[in-house]
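Let me begin by presenting the structure, written as structure tokens, before commenting on it.
Only heavy atoms go into these numbers, but all of them, side chains included; no hydrogens, no water, no symmetry mates.
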Amino acid sequence: MAQRRKIIIDTDPGQDDAAALMLAFASPDELEVLGLTAVAGNVPLALTSRNVRIVCELCGRTDVPVYEGAKQPIARQLVTAEHVHGRTGLDGAELPEPTMAVQPQHAVDFIVETIMREPEGSVTLCTLGALTNVALALQKEPAIAERVKELVMMGGGFFEGGNITPAAEFNIYVDPDAAAAVFASGMPIVMMPLDVTHQVLTRKDRVAKIAALDTRPAKVLVDWLAFFERFDEEKYGSDGGPLHDPTVIAYLLKPELFSGRHCNVEIETQSELTVGMTVVDWWRVSGRQPNAMVMRDVDSDGFFELLTERVGRL
């Protein structure tokens, strides 16, 4: 059997983050989740930490340690997305408050210590929210950039534009300074932009297959998706909403579902109009060196087959 990939998931749940965690938890043969680090983003840190632990308990994975990280972006006021995810960040399903504790160690210290302790090139960072914790970890120990296997992230957009402003995707917009530091760090980056995530829509027929699993985790996920997709259905006029964050985990499990190209990506931090924009040199016209594998296409049916099959294992 192939060696399990060691991962750290940095997240700000969010119903789509919850789906990503469920996909990771349901894939223990391929993925060893070393820890979960919470960051402020979709909702403030106290709620993202709570929501991570709710998903752990729902999936019976209280063995995975949870660490709390940054409460706010590096140099800006926190922007949140309750208008999408609801007051708690996980509106849509009634679940008990979590009883598992958070670890006393700060998330940034956990990230640094884990990457420096584990063999070089063995730990993958999976980021589902703002990149604040990773940027702070780089600030604390720049050597993690050359020791990490890669960073697989959901964030940004190019041909698809933005979703929080005309130019910016939410995760990058929340902390563009952190994103700029990460993209300049030299670590290998795989980027799942809106161009990919807007192809994986929670269509009624796809959600019906998850509902047909008839397990508690599946029922909760369906309720979360019903709440989450209402915003995007109204906004885009689509059947279902884009299921952003699970693309990160799906890529680790089945990279052949995705295609893209190496590009230079720069982050706009100065312009009031386009702050948080991911400036992707898709056509390689700038002369700048590629610093990220930017995905553009996904086999959306294959993605939902994978998600449904794995959720059925929980």
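Of the possible donor and acceptor atoms, none in the side chain of Asp239 sits under 3.5 Å from a partner among the backbone N and O of Arg203. One N or O on the side chain of Asp195 and one on the backbone of Phe158 form a donor-acceptor pair closer than 3.5 Å. Listed for the Glu141 side chain is no donor-acceptor partner under 3.5 Å among the backbone atoms of Ile144. For Arg284 (side chain) and His262 (main-chain N/O), a donor-acceptor pair under 3.5 Å exists by modelled atom type. Trp224 contributes no side-chain N or O that, together with a main-chain N or O of Ala18, makes up a donor-acceptor pair within less than 3.5 Å. Under a 3.5 Å cut-off, the side chain of Thr202 and the backbone N or O of Gly241 do form a donor-acceptor pair. Between the side chain of Gln103 and the backbone N or O of Gln105 there is no donor-acceptor pair closer than 3.5 Å. A donor-acceptor pair under 3.5 Å links the side-chain atoms of Thr215 to the main chain of Ala218, judged by distance alone. Judged by distance alone, the side chain of Thr308 and the main-chain N or O of Phe304 form a donor-acceptor pair under 3.5 Å. The backbone N or O of Ala38 sits less than 3.5 Å from a side-chain atom of Asn133, completing a donor-acceptor pair.
Applying the side-chain contact (heavy atoms from CB on, under 4.5 Å) test between Val220 and each of Leu314, Leu58, Val311, Val55 identifies Leu58 as the sole match. For the side-chain contact (heavy atoms from CB on, under 4.5 Å) test with Met153, the passing option among Leu131, Val134, Asp10, Val190 is Leu131; the others fail.
A salt bridge links Glu266 with Arg288: at least one charged nitrogen is closer than 4.0 Å to a carboxylate oxygen. Under a 4.0 Å N-O distance rule, the pair Glu309/Arg313 qualifies as a salt bridge. For Arg4 and Asp29, the salt-bridge test fails: no basic side-chain N is under 4.0 Å from an acidic carboxylate O. Of the charged side-chain nitrogens involved, none lies within less than 4.0 Å of a carboxylate oxygen, so that Lys254 and Asp299 do not count as a salt-bridged pair. Note on Lys219 versus Asp214: salt bridge recorded, some NZ/NE/NH1/NH2 to OD/OE distance being below 4.0 Å. A salt bridge does not link Arg5 with Glu30: every distance from a Lys NZ or Arg NE/NH1/NH2 to an Asp or Glu carboxylate oxygen is 4.0 Å or more.
Pairing each heavy atom of Asn42 with each of Pro13, the nearest pair is ND2-C, 4.5 Å. Scanning both residues, Asp281 and Gly287, for their nearest heavy atoms gives OD2-N, 4.2 Å. Of all heavy-atom pairs between Val196 and Asp297, the closest is CG2-N, 3.8 Å.
Using a 30° and 60° split on the angle between ring planes, His85 and Phe228 fall in the parallel class, below 30°. A perpendicular orientation is assigned to the rings of Phe159 and Trp282, their planes being inclined by more than 60° (bins at 30° and 60°).
Residues meeting the side-chain contact (heavy atoms from CB on, under 4.5 Å) test with Pro142, sequence neighbours left out: none.
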Could you give me the CA-CA distance, side-chain angles and deciding distance for Asp17 and Thr48, then say whether side chain to side chain contact (heavy atoms under 4.5 Å, CB included) is met? CA-CA 10 Å; Asp17 303 70; Thr48 62; over 6 Å; no

Show the numbers, then the answer: is there a side chain to side chain donor-acceptor pair (under 3.5 Å) between Ser49 and Glu68? CA-CA 6 Å; Ser49 167; Glu68 292 182 345; 2.7 Å; yes

Worked verdict on Val298 versus Val200 for side chain to side chain contact (heavy atoms under 4.5 Å, CB included): CA-CA 8 Å; Val298 57; Val200 288; 3.9 Å; yes

Would Ser300 and Arg206 count as a side chain to side chain donor-acceptor pair (under 3.5 Å) here? Give the steps. CA-CA 10 Å; Ser300 58; Arg206 290 168 171 168; 3.1 Å; yes

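For Tyr173, the OH atom counts as loosely surrounded, since its 6.0 Å shell holds 12 or fewer non-hydrogen atoms of other residues, nucleotides or ligands. Counting non-hydrogen atoms of neighbouring residues, nucleotides and ligands closer than 6.0 angstrom, the CD atom of Glu256 exceeds 12 such neighbours. Counting non-hydrogen atoms of neighbouring residues, nucleotides and ligands closer than 6.0 angstrom, the NZ atom of Lys209 reaches no more than 12 such neighbours.
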